[in-house]
J.: 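Shown below is the structure under consideration.
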Amino acid sequence: MTLGSLETKRLPAGSVLVVGAGLAGLYLALKLAPRQVYVLTSRRSSVGSASAWAQGGIAAALSPDDTAEVHAKDTIAAGDGLVDHHIAHILASEGPDRVRDLANLGVPFDRNDKGELYLSLEAAHSMPRVARVKGDTAGAEIIKVMVKRAQEADHIEGLIGWRAESLLTDGHGGVAGALARNDEGALLGIEADITVMATGGVGGLFAVTTNPRTARGDALGMAAVVGAKMRDMEFVQFHPTAIDIGRDPAPLATEALRGDGAVLTNAKGVRFMPRYHEQGELAPRDDVARAIFAEIEAGRQPYLDCRKAVGSHFPEEFPTVFESCMSAGIDPRTQLIPIAPAVHYHMGGIATDSYGQSNLDGLLAVGECSAVGVHGANRLASNSLLEATVFGGRAADYINGRDWSEKKAGMIRSQPWLSMGPEVSQSLRNAMTANCGVRRNAAKLNKLLAHIDTLIEQVGRANPLIASKMIAASALAREESRGGHFRDDFTKMKDEAVSSYITYDMLD
Ligand SMILES: Cc1cc2nc3c(=O)[nH]c(=O)nc-3n(C[C@H](O)[C@H](O)[C@H](O)COP(=O)(O)OP(=O)(O)OC[C@H]3O[C@@H](n4cnc5c(N)ncnc54)[C@H](O)[C@@H]3O)c2cc1C
């Protein structure tokens, strides 16, 4: 189907369409200077991006006692056999300079009396490595600076309030821009030589999540339809300590609290983590999430106890968590914080090389919607803001270094607009959490796939349904337990670690 009389915008030759304005999209856009960039986003960065919600900070080997080798080793260990070692070394070795670049751009990182970066310890890091900003407000502060710099930049133009819904193709197997819709329902076709997806995660596909609700895998659906390959889609990270006060999305109690000594107890007042893992509260995220889930299933409400470790310092050190607790009538200085696991991060996504290039010419992906192989089966805490800058920066280098004059232009609409409506959306979210959550098995996953098919019959192959189906089908195909993916019916990890790949034509 051609675009016919639809309103269209042909971007100047060689300019870039970036879909998404979180850290990955904005950092890439800044680094593309002086090349012209158009950043399209459905919501303003401060409200619609997970980047702005990050609490703990950004991990990098910045301490004199630390090295890129140790950071890469921790990253590889967390990823449970599926991290690409070469990619982990790129992340760890290029990371410190990217964090220094953020500081030069104006991010006010916390520093000690000597002016050195204050680095905190988070789970599964072998030493303090997480640079923080104004306590637990790293994401908001970083995004504030990125937005300001983007607004000042002559080469960046914002297309705010437009939700990309499908990709345009060039008729030669490549991608040639996107089709977007605004809140009033107007459609806009944007023809571009280079399209970069930077739309974030998939938490909004699940009922219990810490992600913005708009994080529902749109890019994965759109890219899959035009032939992009997806990698490791089954690997979803559940944050162990979402604050369980009935909110959607669930507010987060950052891992840094446990880094500072907060402990996990249950309704019986028992500190339970030592029973599940030798690293106790600082065990890898998926182990902690499963332990908390097991306590909930056993009817023992879990809590985070910060009274001794943080106590009266709470308001200055963790203002975001403090505010979330107080708004629910819980004073974390003197009371326990009720917690539950929630979908937090997607390790899988559009398969890319180390420069963000997908298998389709003209289509790149950066940040959480991409899968470059750096997180494997489980992401190491605070590695994702780093990934957004390291691989966002590399994608900019690649784009700037290539001659795009040969890129085929064209404009073929790939997919009709399909709206799910709130009922179908909630039905999907409930089914995903019930059947593709912390513990999975074949019966649950088959039930989920059948349910998704019923929803597809009702509304067609909307992007969130395609993304969910690829996650569920990949989870069913992986008959082992590894990282964030735990199967009741295949509890052991296979000897051989193999990444999974799925394409749209495999869904039927
Ligand atoms: C509560 C919370 C705390 C976290 N804490 C940390 C931390 O301390 N350290 C760390 O490293 N990581 C943390 N993470 C993870 C990290 O924030 C994200 O993985 C990372 O910021 C993702 O960046 P991104 O740019 O890829 O996506 P995002 O920041 O989510 O940005 C996505 C952008 O795409 C836009 N968008 C989405 N769909 C469309 C569409 N169809 N059309 C147009 N625009 C679209 C959104 O509006 C948004 O602008 C945290 C995540 C959460 C939710």
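Atoms within a ligand are numbered from 1 in the order they appear, just like the ligands themselves. Remember, it's a predicted structure, so these values are computed and weren't measured experimentally.
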J.: Considering heavy atoms of the protein only, find what lies nearest to atom 4 (C) of ligand 1 and give residue, atom and distance to 0.1 Å.
T.: Ala54 CA, 3.4 Å
J.: Please determine whether any non-hydrogen atom of Ser45 lies less than 4.0 Å from an atom of ligand 1.
T.: no
J.: Tell me which protein heavy atom sits closest to atom 40 (C) of ligand 1, plus the residue, atom name and distance to 0.1 Å.
T.: Ala164 N, 3.7 Å
J.: Are the aromatic ring centres of His375 and Tyr345 under 6.0 angstrom apart?
T.: yes
J.: May I ask you to check whether Ala50 has an N/O atom sitting below 3.5 Å from an N/O atom of ligand 1?
T.: yes
J.: Test your reading of the structure: does Gly25 have an N or O sitting under 3.5 Å from an N or O of ligand 1?
T.: no
J.: Of Leu257, Thr210, Val133, Thr320, which meets side-chain contact (heavy atoms from CB on, under 4.5 Å) against Gln55?
T.: Thr320
J.: Go through Arg163 and Asp183 one step at a time and tell me if the salt bridge (Lys or Arg N to Asp or Glu O under 4.0 Å) criterion holds.
T.: CA-CA 8 Å; Arg163 182 166 198 98; Asp183 286 344; over 6 Å; no
J.: Hey, is the main chain of Glu122 close enough, under 3.5 Å, to the side chain of Arg258 for a donor-acceptor pair?
T.: no
J.: For Glu69, is there an ion pair with Lys73 - N to carboxylate O distance below 4.0 angstrom?
T.: no
J.: For ligand 1, is there an atom lying under 4.0 Å from some heavy atom of Gly57?
T.: yes
J.: With distance as the sole criterion, is a donor-acceptor pair present between the side chains of Ser354 and Arg394 under 3.5 Å?
T.: yes
J.: Taking only heavy atoms of Trp53 into account, list the atoms of ligand 1 that are under 4.0 Å away from them.
T.: 1 (C), 2 (C), 3 (C)
J.: Could you tell me the residue and atom name of the protein heavy atom closest to atom 27 (O) of ligand 1, and the distance to it rounded to 0.1 Å?
T.: Gly200 CA, 3.3 Å
J.: Give yes or no for whether the N/O distance cutoff of 3.5 Å, strictly under, is met between Ala388 and ligand 1.
T.: no
J.: For Ala198, counting its heavy atoms only, list the atoms of ligand 1 lying under 4.0 Å from any of them.
T.: 32 (C), 33 (C), 34 (O)
J.: Counting from 1, what ligand 1 atoms have a heavy atom of Leu252 closer than 4.0 Å?
T.: 1 (C), 2 (C), 3 (C)
J.: Can you check whether Leu23 has an N/O within less than 3.5 Å of an N/O in ligand 1?
T.: yes
J.: Ignoring angles and geometry beyond distance, decide whether Asn211 reaches within less than 3.5 Å of ligand 1 through its nitrogen or oxygen atoms.
T.: no
J.: In a check of side-chain hydrogen bond (donor to acceptor under 3.5 Å, both in side chains) between Gln237 and each of His344, Arg285, His485, His346, which one passes?
T.: Arg285
J.: Below a 4.0 angstrom heavy-atom separation, can you tell me which part of Arg379, side chain or backbone, both or neither, approaches ligand 1?
T.: side chain
J.: Nearest to atom 37 (C) of ligand 1 by heavy atom, Thr210, Ile58, Thr199, Thr320: which?
T.: Thr199
J.: Show the atoms of ligand 1 that are less than 4.0 angstrom away from any heavy atom in Gly56.
T.: 7 (C), 8 (O)
J.: Should we count OH of Tyr398 as having more than 12 external heavy atoms under 6.0 Å?
T.: yes
J.: Is a donor on one side and an acceptor on the other found under 3.5 Å between the side chain of Ser51 and the backbone of Leu23?
T.: yes
J.: Using a 3.5 Å distance criterion without hydrogens, assess whether the side chain of Ser370 forms a donor-acceptor pair with backbone atoms of Val372.
T.: no
J.: Specify the protein heavy atom at minimum distance from atom 51 (C) of ligand 1: its residue, its atom name, and the distance to 0.1 Å.
T.: His344 CE1, 3.5 Å
J.: Side chain or backbone of Tyr345 under 4.0 Å from ligand 1, or both, or neither, by non-hydrogen atoms?
T.: side chain
J.: For atom 44 (N) of ligand 1, what's the nearest protein heavy atom and its distance?
T.: Ser42 N, 3.2 Å
J.: Short question: side chain of Thr209, backbone of Phe206 - any donor-acceptor pair under 3.5 Å?
T.: no
J.: Examine the proximity of ligand 1 to Pro212 and report which part, side chain or backbone, both or neither, has a heavy atom under 4.0 Å away.
T.: neither
J.: Is there a polar contact, in the sense of an N or O pair closer than 3.5 Å, between Asp218 and ligand 1?
T.: yes
J.: So, is Glu368 polar-close to ligand 1, with some N/O to N/O distance under 3.5 Å?
T.: yes
J.: Which residue owns the protein heavy atom closest to atom 48 (C) of ligand 1, what's the atom, and how far is it?
T.: Gly48 O, 3.6 Å
J.: Does an N or O from Ser384, backbone or side chain, lie closer than 3.5 Å to an N or O of ligand 1?
T.: yes
J.: How close does the nearest protein non-hydrogen atom get to atom 11 (O) of ligand 1, and which residue and atom is it?
T.: Leu385 N, 2.8 Å
J.: Geometry only, no angles: is Ser51 polar-contacting ligand 1 at N/O separations under 3.5 Å?
T.: yes
J.: Is there a donor-acceptor contact under 3.5 Å from the side chain of Thr433 to the main chain of Asn430?
T.: no
J.: Considering only the protein, which heavy-atom contact is closest to atom 47 (O) of ligand 1, and what is its distance?
T.: Thr41 OG1, 3.4 Å
J.: Run the salt-bridge test on Arg10 and Asp193 with the 4.0 Å N-O cut-off and return the result as yes or no.
T.: yes
J.: At a 4.0 Å threshold, what atoms of ligand 1 neighbour a non-hydrogen atom of Ala24?
T.: 25 (O), 26 (O)
J.: Hey, does Gly367 come in under 3.5 Å of ligand 1, counting only N/O atoms on both sides?
T.: no
J.: Would one find more than 12 heavy atoms of other residues, nucleotides or ligands at under 6.0 Å from atom CZ of Arg44?
T.: no
J.: Side chain or backbone of Val19 under 4.0 Å from ligand 1, or both, or neither, by non-hydrogen atoms?
T.: side chain
J.: Going by an N to O cut-off under 4.0 Å, is there a salt bridge joining Arg379 and Asp286?
T.: no
J.: Does any N or O in the side chain of Ser358 come within less than 3.5 Å of the main-chain N or O of Leu363, such that one atom is a donor and the other an acceptor?
T.: yes
J.: Ignoring hydrogens and geometry, is there a side-chain-to-backbone donor-acceptor pair from Asn378 to Gly484 under 3.5 Å?
T.: no
